[in-house]
Amino acid sequence: MQVFPGAMRRCFKAAKTSSIALPLLLSLILTACGGGGSGNATGGFADASSDKSDGSLQAVTLSPIGSISNSEQSGTSGSTTAPTSGINLTPISGIPATAPSNPGTAPTPVPSIPLAPIPGIPSTDPGVPWGPVLKTFGDPAFKLKGPSGVSAPLVFYSGNTNVATISGNTVTIVGAGTSTITAKIADPTATPLEGANIVLTVKKAQPNLSMSTVTLEAIRSTALLQGRTKSTGAIEYALSNMVSASKEPVAYLGSDGRTVTAWAAGTATITATQVPTANYEGGTVSGKLVVEKRKSTIPLADLKQPHTYKLIIPVIAEIYDEISGEQRTPTITLSNPDIGSAIWDTDNYLSDSIILTAVKAGTTSLTFSLGATANLAAVSKTVSAILTPVAGEQPGRQLAAVEGHSKLYKNDYFFEGKVVTLKLCPSMSEKIYFSFTESDNNHGTEDVTLNGVTLPRDSNGHYVANIPGVATGDAPLKLRSVVNEYSDGTGTLSVSVFEYDVQVELFPNPVEVTKCYSVGPR
């Protein structure tokens with residue numbers, strides 16, 4: 001700061017006056033030294049132009065710094081207005097001059113992985129308060145608190161280990177009933193606890209017995225009733241509320257009390273009652289039995305053999321509803337009526353047969369249909385029939401049907417093309433009936449053999465074989481139908497042969513197959 005000599009001299013002389021009181025002296029000194037300056041002087045001094053002393057220096061005029069205004073800014077006291085112009089600052093490379101309006105998307109925090117508690121181990125288990133405890137068989141293990149006010153380590157004992165066992169302070173339920181639980185101080189030298197016994201009562205659990213809907217087909221189809229339950233108690237079954245179109249019983253229970261055999265199409269109620277056990281209550285529940293109409297099958301195969309005027313085709317089909325007594329007559333149609341005609345015949349020595357009367361060789365579709373009855377569903381089967389011109393060969397016999405000892409197991413015997421499949425019980429033999437077509441034009445010696453053994457023919461025209469329940473594997477049985485050549489003076493025809501493979505399949509679990517329950521040949 002620049003100091004003017006004249007001003008310093010005046011301040012010094014004022015300070016030397018001793019006859020003036022101190023307050024007044026201080027006031028005069030401040031005034032003389034610039035405390036009450038006026039005008040544009042700075043630093044508290046009077047204007048330089050007002051200094052009349054002979055020894056004062058010429059005042060220096062200070063020019064304002066460029067770009068800084070020398071005039072007082074208008075505005076509110078205590079605030080400063082930014083200058084309208086100034087020094088331009090070049091922004092540093094890489095640093096934006098203005099803050100971005102969008103600070104950007106914050107990084108997504110990595111979600112924490114929730115840790116599921118280990119089953120059976122609670123994360124926090126304060127324990128069951130000391131006192132009577134009521135549980136149900138099947139409840140999980142639990143922890144015990146000791147008697148209140150006891151801080152010493154305790155040992156717990158179960159008075160009935162058939163109801164509960166204890167490890168540490170964890171109680172595991174093993175059966176229904178009651179057990180006295182005793183708490184003792186682990187230190188044998190300590191004073192015994194008074195009244196440190198509680199009773200644990202474990203109730204029997206509910207069996208949760210349930211019975212699902214059972215669906216069977218009419219006329220002797222069977223099922224083994226099995227109610228679902230947690231309990232091991234015996235279950236007794238009963239049938240009630242039977243409703244059938246034929247007014248006959250819908251089903252009946254076997255002597256074992258568990259096997260239900262369907263009879264007439266309809267519905268019934270199955271009641272399952274379970275007896276109580278040591279750990280489970282008893283229970284009763286109802287299910288539904290639905291007996292549907294029996295779905296019949298027609299074991300009719302495609303035919304191809306030399307033309308014959310009259311071809312008898314045996315068919316094994318359920319013509320008679322044995323429950324309602326209804327008889328149904330088949331409807332037989334040919335797609336090519338120029339071949340001839342077909343009718344249903346029950347008077348032939350081959351029972352239940354189609355009589356195809358052909359006037360010429362050719363190809364046609366043959367449809368065999370049966371309507372519905374009270375207990376039998378409608379069924380239809382279409383096969384092709386190809387009659388080739390006779391050129392020195394016998395019409396012969398072609399396999400038409402395969403049947404077992406009972407129609408109950410008709411689905412266990414079938415054939416397709418040149419392969420016959422039989423489903424049999426292990427270590428048991430079963431009678432199988434083979435039916436073949438027959439022609440009035442067949443002449444000469446005739447036979448049907450199985451592995452070279454001639455099969456006998458019964459009164460119904462069936463060839464009967466007693467086949468053991470032994471798997472044939474890769475060596476199926478050979479079924480062969482032969483009509484030898486003949487000569488009657490008008491012509492000679494060569495031998496006619498039809499051959500089939502008979503494959504045996506054994507039931508993997510014969511205990512579950514009703515027809516395997518009995519023992520021995522049938």
Side-chain angles (χ1 to χ4, degrees), residues 213-223 225 237-255 259-270 288-300 312-333 342-355 366-382 400-414 430-433 435 458-462 464 514-515 517-518 522:
T213 297
V214 177
T215 302
L216 295 173
E217 285 189 346
I219 311 177
R220 298 191 184 92
S221 61
T222 62
L225 298 179
Y237 299 95
L239 296 176
S240 60
N241 302 327
M242 298 189 188
V243 179
S244 66
S246 59
K247 309 302 181 183
E248 293 289 331
V250 173
Y252 55 88
L253 286 173
S255 58
T259 302
V260 59
T261 301
W263 184 237
T267 59
T269 299
I270 304 172
K288 188 175 183 180
L289 171 64
V290 177
V291 178
E292 300 175 338
K293 290 185 177 184
R294 186 180 181 90
K295 298 176 179 63
S296 303
T297 58
I298 303 172
L300 189 62
I312 304 172
I313 308 170
V315 177
I316 299 171
E318 292 182 280
I319 306 299
Y320 179 69
D321 183 343
E322 59 183 292
I323 300 175
S324 65
E326 296 177 81
Q327 182 82 27
R328 50 182 183 175
T329 301
T331 300
I332 304 168
T333 58
I343 62 171
W344 180 248
D345 180 33
T346 57
D347 297 330
N348 194 273
Y349 69 96
L350 291 176
S351 62
D352 297 347
S353 301
I354 298 172
I355 305 300
L366 186 152
T367 300
F368 183 94
S369 302
L370 290 170
T373 67
N375 301 289
L376 300 175
V379 62
S380 181
K381 180 71 173 289
T382 298
V402 179
E403 185 181 11
H405 76 285
S406 172
K407 291 182 179 180
L408 287 177
Y409 313 115
K410 55 188 173 53
N411 293 329
D412 294 340
Y413 324 101
F414 54 90
E430 190 166 344
K431 285 184 178 180
I432 305 296
Y433 302 93
S435 299
D458 66 9
S459 59
N460 292 321
H462 303 143
V464 184
T514 306
K515 76 173 185 177
Y517 288 173
S518 60
R522 299 188 246 171

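No donor-acceptor pair under 3.5 Å is formed between the side chain of Asn460 and the backbone N or O of His462. Using modelled atom types, no side-chain atom of Arg294 and backbone atom of Ala265 make a donor-acceptor pair closer than 3.5 Å.
A 4.5 Å side-chain heavy-atom check between Ile316 and Asp352 finds every atom pair outside the cut-off. The shortest side-chain heavy-atom distance between Leu300 and Leu366 falls under the 4.5 Å cut-off. In this structure, the side chains of Leu239 and Val250 stay at 4.5 Å or more apart for every pair of heavy atoms. Ile355 has its side chain within reach of Ile312: a pair of non-hydrogen atoms, C-beta onward, lies under 4.5 Å apart. Between Ile219 and Leu376, the closest side-chain pair of non-hydrogen atoms falls below 4.5 Å. Looking at Pro314 and Glu403, their side chains never come closer than 4.5 Å, going by heavy atoms from C-beta outward.
Under the rule for a side chain to side chain contact (heavy atoms under 4.5 Å, CB included), the partners of Thr213 that lie at least two apart in sequence or sit in another chain are Thr215, Lys288, Val290. Partners of Glu322 according to the salt bridge (Lys or Arg N to Asp or Glu O under 4.0 Å) rule, which considers only residues two or more places apart in sequence or in another chain, are Arg220. Under the rule for a side-chain hydrogen bond (donor to acceptor under 3.5 Å, both in side chains), the partners of Thr367 that lie at least two apart in sequence or sit in another chain are Thr382. For Ser324, the side-chain hydrogen bond (donor to acceptor under 3.5 Å, both in side chains) criterion is met by Asp321, Glu326, not counting sequence neighbours. For Phe414, the side chain to side chain contact (heavy atoms under 4.5 Å, CB included) partners are Thr421, Lys423, not counting sequence neighbours. Annotation: side chain to side chain contact (heavy atoms under 4.5 Å, CB included) contacts of Ala372 (sequence neighbours excluded): Lys293, Ala378. Partners of Glu248 according to the salt bridge (Lys or Arg N to Asp or Glu O under 4.0 Å) rule, which considers only residues two or more places apart in sequence or in another chain, do not exist here. Annotation: side-chain hydrogen bond (donor to acceptor under 3.5 Å, both in side chains) contacts of Lys295 (sequence neighbours excluded): Glu292. For Ser380, the side-chain hydrogen bond (donor to acceptor under 3.5 Å, both in side chains) test picks out Ser369, with sequence neighbours left out. Residues that satisfy the salt bridge (Lys or Arg N to Asp or Glu O under 4.0 Å) test with Asp412, not counting sequence neighbours, are Lys515. Taking Ala223 as the reference, Val214, Leu216, Val260 meet the side chain to side chain contact (heavy atoms under 4.5 Å, CB included) condition, with sequence neighbours excluded.
Between Ile332 and Ala342, the shortest heavy-atom contact is CG2-CB, 3.7 Å. Across every non-hydrogen atom of Ile432 and Gly404, the tightest pair is CD1-CA, 4.2 Å. Of all heavy-atom pairs between Ala218 and Asn375, the closest is CB-O, 3.8 Å. Of all non-hydrogen atoms in Gly371 and Arg328, the two that sit nearest each other are O-NH1, 2.5 Å.
Once rounded to the nearest 0.5 Å, the distance linking CZ of Phe368 with OG1 of Thr333 reads 11.0 Å. Interatomic distance, OH of Tyr409 versus CD of Glu430, reported as 9.0 Å (0.5 Å rounding).
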Hey, mind stepping through Leu370 and Ile319 against side-chain contact (heavy atoms from CB on, under 4.5 Å) and telling me if it holds? CA-CA 8 Å; Leu370 290 170; Ile319 306 299; 3.8 Å; yes
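Within the structure, side chain to side chain donor-acceptor pair (under 3.5 Å) contacts touching residues 237-247 (residues at least two apart or in different chains) are Asn241-Thr269.
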